Amino acid sequence: MPRLSEVIAELDALWPPERAEQWDAVGTVVGYPDAEVTRVLFAVDPVQDIVDEAIKLGANLLVTHHPLYLRGTTTVAAGHFKGRVVHDLIKNDIALHVAHTNADTADPGVSDALAGALDLRVVRPLVADASDPTGRRGLGRICELDHPLTLAEFAAHAAKRLPATAQGIRAAGDPDAVVRTVAVSGGSGDSLFDAVRAAGVDAFLTADLRHHPVSEATQHSPLGLVDAAHWATEWPWCEQAAAQLDEISDRHGWGLRVHVSKTVTDPWTAHAASAFAVPTDSSGAPN
């Protein structure tokens, strides 16, 4: 069986930590380098439900996309929910490794997995990594559909292909507009509007879209916007990453058992459509 340090070396080759954004917190959070690894669990979030799943599974290594301590900490006391995660991991001999923005821009990366889940054909990165001579690494992906869909049809397609969450899928723009090309970016993507418009695509699918940026974007151009849950746009990466580690394990003869968590850790748990319609006749409305 491989040691943790050997597995981490392979994960770092897939997602080099030096390619993470400066503000990010990636790499190994807990774990003994010489500990043996037999079973690995991939998940989006390092939350208690996932740690409990890893314990029940008998995993020795938990790999998550999101960091546990993105902004640092001065304590890992178990009285705090993040401290409890650390204590439970250590008590149960489970290492935690994080691949975040270094996985976002990888080849293949988070947005490649998202495109694959949506049956889209990747053409190129949305924002290319200038240090990559192949032009394959970068943030987001520009994609093509096999056949045109309306914006409403594309949103419905996304709802069928991405993991179900309470939020579901929202779309902004003309529902009947024809979509042939799409930009996708797993996770929060409203900082990429300029790059998306410059790419000249018909629609942009991402997560965490906010009122004012979306309102301004729809006034700026006919670009269709499709908003999915943050977790749902990044979960496909877990399956892609697990397949990559499976291939590595097979190549080295490690015999690792690699799993993907199916636990939905999207924080939103319920959705209710409003039944209140704003009156169109305002003649009797108060000042």
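Both backbone and side-chain heavy atoms feed into the values below; hydrogens, waters and symmetry mates do not. Since the model is a prediction, treat every value here as computed from it, not as a measurement.
Within a 6.0 Å sphere centred on CZ of R39, heavy atoms belonging to other residues, nucleotides or ligands number more than 12. Under a cut-off of 6.0 angstrom, the local environment of CZ in R71 is sparse, with at most 12 non-hydrogen atoms contributed by other residues, nucleotides or ligands.
Identified under the ring pair (Phe, Tyr, Trp, His ring centres under 6.0 Å) test for residues 248-275, with sequence neighbours left out: H252-W254.
A donor atom on one side chain and an acceptor atom on the other are found under 3.5 Å apart for D104 and H65. Checking E144 against T181 by side-chain atom types alone, no donor-acceptor pair falls below 3.5 Å. For T101 and D24, the side-chain atoms include at least one donor-acceptor pair closer than 3.5 Å. Side chains of N60 and T38: a donor-acceptor N/O pair is present below 3.5 angstrom, by distance only. E234 and H230 form a side-chain donor-acceptor contact under 3.5 Å, judged by distance and modelled atom types alone.
For D129, the side chain to side chain contact (heavy atoms under 4.5 Å, CB included) test picks out S131, D132, R137, with sequence neighbours left out.
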* Asked: What's the verdict on side-chain hydrogen bond (donor to acceptor under 3.5 Å, both in side chains) for E216 and H212, showing C-alpha distance, side-chain angles and the deciding distance?
  -> CA-CA 6 Å; E216 292 177 5; H212 292 296; 5.6 Å; no

Please list every donor-acceptor pair under 3.5 Å in which a side-chain atom of residues 83-93 meets a protein atom from a residue at least two apart or in another chain.
| from | atom 1 | to | atom 2 | distance (Å) |
| --- | --- | --- | --- | --- |
| H87 | NE2 | V76 | O | 3.0 |
| D88 | OD2 | Q48 | NE2 | 2.9 |
| N92 | ND2 | D88 | O | 2.8 |

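For N102 (side chain) and H100 (main-chain N/O), a donor-acceptor pair under 3.5 Å exists by modelled atom type.
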